[in-house]
2 protein chains.
Amino acid sequence: MSKPRSRRGGGRPTIADVARRAGVGAITVSRALREPGRVSEDLRRQIQAAVDELGYVPDPNARALASARAEVFGVLVPSLTNNVFAEVVRGIYDSLSDSPFRIQLGNTHYSGLEEERLLQVFGPQRPAALIVAGIDQTPTARRLLETAGCPVVQVMETGPDPVDMLVGFSHLDGGRAATEHMIEAGYRRIGFIGARMDPRSQRRLAGYRTAMETASLFDPRLVTTTPVPSSIPLGRELFRDALAKVPTLEGVFCNNDDIALGVLFECHRAAIAVPKTIGITGFNDLDMMQSAFPSITSIRTPRYEIGRRAVAMALAAISGKRPEQRIVDLGFELRRRESTAR
Amino acid sequence: MSKPRSRRGGGRPTIADVARRAGVGAITVSRALREPGRVSEDLRRQIQAAVDELGYVPDPNARALASARAEVFGVLVPSLTNNVFAEVVRGIYDSLSDSPFRIQLGNTHYSGLEEERLLQVFGPQRPAALIVAGIDQTPTARRLLETAGCPVVQVMETGPDPVDMLVGFSHLDGGRAATEHMIEAGYRRIGFIGARMDPRSQRRLAGYRTAMETASLFDPRLVTTTPVPSSIPLGRELFRDALAKVPTLEGVFCNNDDIALGVLFECHRAAIAVPKTIGITGFNDLDMMQSAFPSITSIRTPRYEIGRRAVAMALAAISGKRPEQRIVDLGFELRRRESTAR
DNA sequence: CAATTTCTTGGTAGCGCTACCATCCCCTTC
DNA sequence: GAAGGGGATGGTAGCGCTACCAAGAAATTG
């Protein structure tokens, strides 16, 4: 009876303490903090003073419990170390840093099952919004997204049938544009080298294939892929394989920039002239591509911008106004550089 | 009165629903889930069946409120895109993926103030543990860590006076080892090139300086630094600057691998022979270093392992058994490669 | 000036869970 | 056989906050 308050809490001031000190009801403090417009100027000032003096910070857990909604964005990406997703995540963090929302990040390791599991963990938290990479969720994952009861933004791709909202670009078109560029540059026996063939890489491959077939240049032996995770060393290895298979190879469109850089290094080592003997095109256009020697042609993808836009759309949806566009295609850009300047 | 339950919750089953169905008290369900050993085999089975049938998942927010402790690890890193921290974070995620703990990641952008702000946001959540990068917290941040009321692990460095626990390695020793290696390899006019001179880079520079002074080779003009964030293009630029200042430069120890790769590319472009005319050493040993041509000498740092160990120590502390070692030095390893094989 | 609307403010009752304490039962122990 | 101990189970009372509803004051209306 003596100190009922300090029993469990760590002695941190609660909303009741602030209310007492400011001489108002607890609910008014709550309102002053969340909807200042609905509290009179006078009380607001008084309450603010009490908050400052006490160093009061609302307990997000209590808040989430009472309002059945946590101020949390759930974010699901397939990799934390892949620079591409790191950039998307950075865009999300930057856009949310001035908001009350926290971020809960999940790493799916490119696994649909892991994605399901994480969605199951995120759900009970009642996040304010969910941002997930890709559009190839398992049926279960898709159902979890549909029934999450919050805005959902799928990112990195474009497509006709998002769960809710979608921001990205067409990997198929990107793959095609890269390949067409190489064809225009005069390359004929153009290989495709791809590691970790996730759905997006598959679509890039499809774009490559379309372009090659249209030009009557397609040959299945030109395609070298592996499910192994992408890396620079792997790029070197796959390029050696590709060259062994097709010694007359004239160029390669790489699944991503790591692979492209591996190819470049292997060319250096084997004293193969780039772009004369072999042309190289990457995908994503990490900043190292323009600094490499020779600089490497790549498809610039708007990763950071995707993160920002996803948050903007989610925020709009949370505040009630559904964005006019549910599907946003941010496009990509071909950056022509020395590696394909034949 | 008619449907008091569905008023606010989303109709999700609660612990009371499970208890009713299993014919036990709510508290027993709670116990069966958290401390199965304290509930009889029979009831446990019964409860599990009810949980499965209802699809019950505990509400983490309610749990956190009632127990004054959230199952959350707060993690603070200075960058999300820097591969070094991405690896640490990956280690943390991998170590926690089978645990009930969620992760709340904060990006300090290398700013002490931002770190304070994030700590202030994390605190009220009552995280189960905090993992923060570096040992150079502001006094305020340090106080926040000390009063967080949970295990705290500082990572990436080593030092005598951690807030609580510490896992990392000595950047000073790393910088010295790299420099000594270059001296032994026969280089004399060895430059230091560093971008974003955060505290860790400062210590690497100090290690470089120590080694150079010991060998009576130090000259302030050999040092080229900038507060600008590190990148491969910047490495090229800084190397050009360094060379302009000291045309007789024989080698460079780079603050990190991005810079080193930039230097390598610039050497290619300017047709400077590596390692003959210029030797290059990086720091961190990202996997591209061994694949570059020529391959680049670097200091291998145990980033992933640091993340794992930090979690292991925090977990031990949470379960009561303070680890015998509060300070763990995981060391580093010099990887000699072609870029310094004179 | 009464009636109505709008704005402020507060009280009450939970949100779903767990800490704490009480109870009950079964087994030892002397 | 009574007393004591330990394990299993449950009831009660919050954790700190906000949704909902009510009420009074102020502003607007006819």
Side-chain angles (χ1 to χ4, degrees), chain A residues 1 3-20 22-47 51 54 56-71 100 123-126 128 149, chain B residues 1 3-20 22-47 51 54 56-71 100 123-126 128 149:
Chain A
M1 261 293 112
K3 313 171 76 183
R5 278 207 43 265
S6 69
R7 216 173 100 214
R8 282 201 242 162
R12 215 185 286 271
T14 72
I15 202 168
D17 298 324
V18 177
R20 213 169 304 127
V24 300
I27 189 69
T28 305
V29 174
S30 175
R31 260 197 294 261
L33 263 28
R34 290 175 302 133
E35 315 167 79
R38 291 191 47 195
V39 174
S40 69
E41 178 64 25
D42 266 14
L43 281 194
R44 214 187 309 157
R45 227 192 328 263
Q46 234 165 290
I47 289 170
V51 164
L54 259 34
Y56 169 73
V57 185
D59 180 329
N61 299 123
R63 197 170 247 194
L65 181 58
S67 63
R69 198 43 76 193
E71 292 189 315
Q125 273 184 86
R126 303 171 173 283
Chain B
M1 266 287 108
K3 313 171 79 184
R5 276 210 43 268
S6 69
R7 215 173 102 212
R8 282 201 242 161
R12 216 184 284 271
T14 73
I15 202 168
D17 297 324
V18 177
R20 213 169 303 128
V24 301
I27 190 67
T28 305
V29 175
S30 176
R31 260 197 294 262
L33 262 27
R34 290 175 303 133
E35 315 168 79
R38 294 190 44 194
V39 174
S40 70
E41 177 65 25
D42 266 15
L43 281 194
R44 213 186 309 156
R45 228 193 325 263
Q46 233 166 290
I47 289 169
V51 165
L54 259 33
Y56 169 74
V57 185
D59 180 329
N61 299 123
R63 197 169 248 194
L65 182 58
S67 63
R69 202 40 80 192
E71 293 189 314
Q125 273 183 89
R126 304 169 171 284

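Atoms considered below: every heavy atom in the structure, side chains included; atoms not considered: hydrogens, waters and symmetry mates. Because the structure is predicted, anything quoted here is derived from the model rather than measured. Each chain gets a letter, A, B and so on, in the order its sequence line appears, and its residues count up from 1.
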Practice item. List in chain and number order the residues that pass side chain to side chain donor-acceptor pair (under 3.5 Å) with B/Gln46, two or more places apart in sequence or in another chain; answer none if no residue qualifies. Key: none

Identify all pairs in which a protein N or O lies below 3.5 Å from an N or O of nucleotides 8-10 of chain D, and state each distance.
unit_1 : atom_1 : unit_2  : atom_2 : d
D/dT9  : OP1    : B/Ser40 : OG     : 2.9
D/dT9  : OP2    : B/Ser40 : N      : 2.8
D/dT9  : OP2    : B/Ser40 : OG     : 3.3
D/dG10 : OP2    : B/Gly25 : N      : 2.9
D/dG10 : OP2    : B/Thr28 : OG1    : 2.5
D/dG10 : N7     : B/Arg31 : NH2    : 2.9

Check your understanding: Could you give the CZ-to-P distance, from A/Arg34 to C/dT9, as a whole number of Å?
Key -> 15 Å

Practice item. Go through C/dC15, C/dC17, D/dT18 for me and flag the one nearest to the A/Ile15 side chain. Key: D/dT18

Exercise for review: Mind listing the closest non-hydrogen atom pair of A/Glu71 and A/Pro100 along with its distance?
Suggested key: OE1-CB, 3.6 Å

**Study point:** Earlier contact from the 5' end, DNA chain D, for A/Arg63 and B/Ala62
**Key:** B/Ala62

Point to revise | Between P of C/dC17 and CG of B/Leu65, the distance in whole Å | key: 12 Å

Practice item. Look at the side-chain N and O atoms of A/Ser30 and state whether any lies under 4.0 Å from the OP1 or OP2 oxygen of D/dT18. Key: yes

Point to revise | Integer-rounded Å distance: C/dG16 C1' and B/Leu54 CG | key: 14 Å

Revision key, fill the gap. Separation between CG (B/Leu54) and CZ (B/Arg12), nearest 0.5 Å, reads 12.5 Å

Point to revise | Separation of atom CG in B/Asp59 from atom P in D/dC15, rounded to whole Å | key: 18 Å

Pair up each side-chain donor or acceptor in residues 56-65 of chain B with any protein partner under 3.5 Å, not counting sequence neighbours, and list the distances.
unit_1  : atom_1 : unit_2  : atom_2 : d
B/Asp59 : OD1    : B/Asn61 : N      : 2.7
B/Asp59 : OD1    : B/Ala62 : N      : 3.2

Study note, to complete from the structure: Across all chains, not counting sequence neighbours, the salt bridge (Lys or Arg N to Asp or Glu O under 4.0 Å) partners of A/Arg44 are A/Glu41

Practice item. Measure from CD on B/Gln125 to P on D/dC17 and round the result to the nearest Å. Key: 14 Å

Check your understanding: What's the shortest heavy-atom distance between A/Val39 and A/Leu43, and which atoms?
Key -> CG1-CB, 3.8 Å

Point to revise | Axis deviation across the helix from C/dC1-D/dG30 to C/dC30-D/dG1, five-pair ends, to the nearest 10° | key: 30°

Can you give me every donor-acceptor pair (side chain of residues 28-37 of chain A, partner residue at least two apart or in another chain, under 3.5 Å) with its distance?
unit_1  : atom_1 : unit_2  : atom_2 : d
A/Ser30 : OG     : A/Arg34 : NE     : 3.2
A/Ser30 : OG     : A/Arg34 : NH2    : 2.9
A/Arg34 : NE     : A/Ser30 : O      : 3.3

Exercise for review: Rounded to the nearest angstrom, tell me the gap between atom CG in A/Asp17 and atom C1' in D/dC17.
Suggested key: 13 Å

Exercise for review: Send over the distance from B/Arg126 CZ to D/dG16 C1', rounded to a whole Å.
Suggested key: 10 Å

Check your understanding: In whole angstroms, how far is the C1' atom of C/dC15 from the CZ atom of A/Arg69?
Key -> 13 Å

**Study point:** Residue pair B/Gly25 / B/Ala19: nearest heavy atoms and the distance that separates them
**Key:** C-CB, 3.8 Å

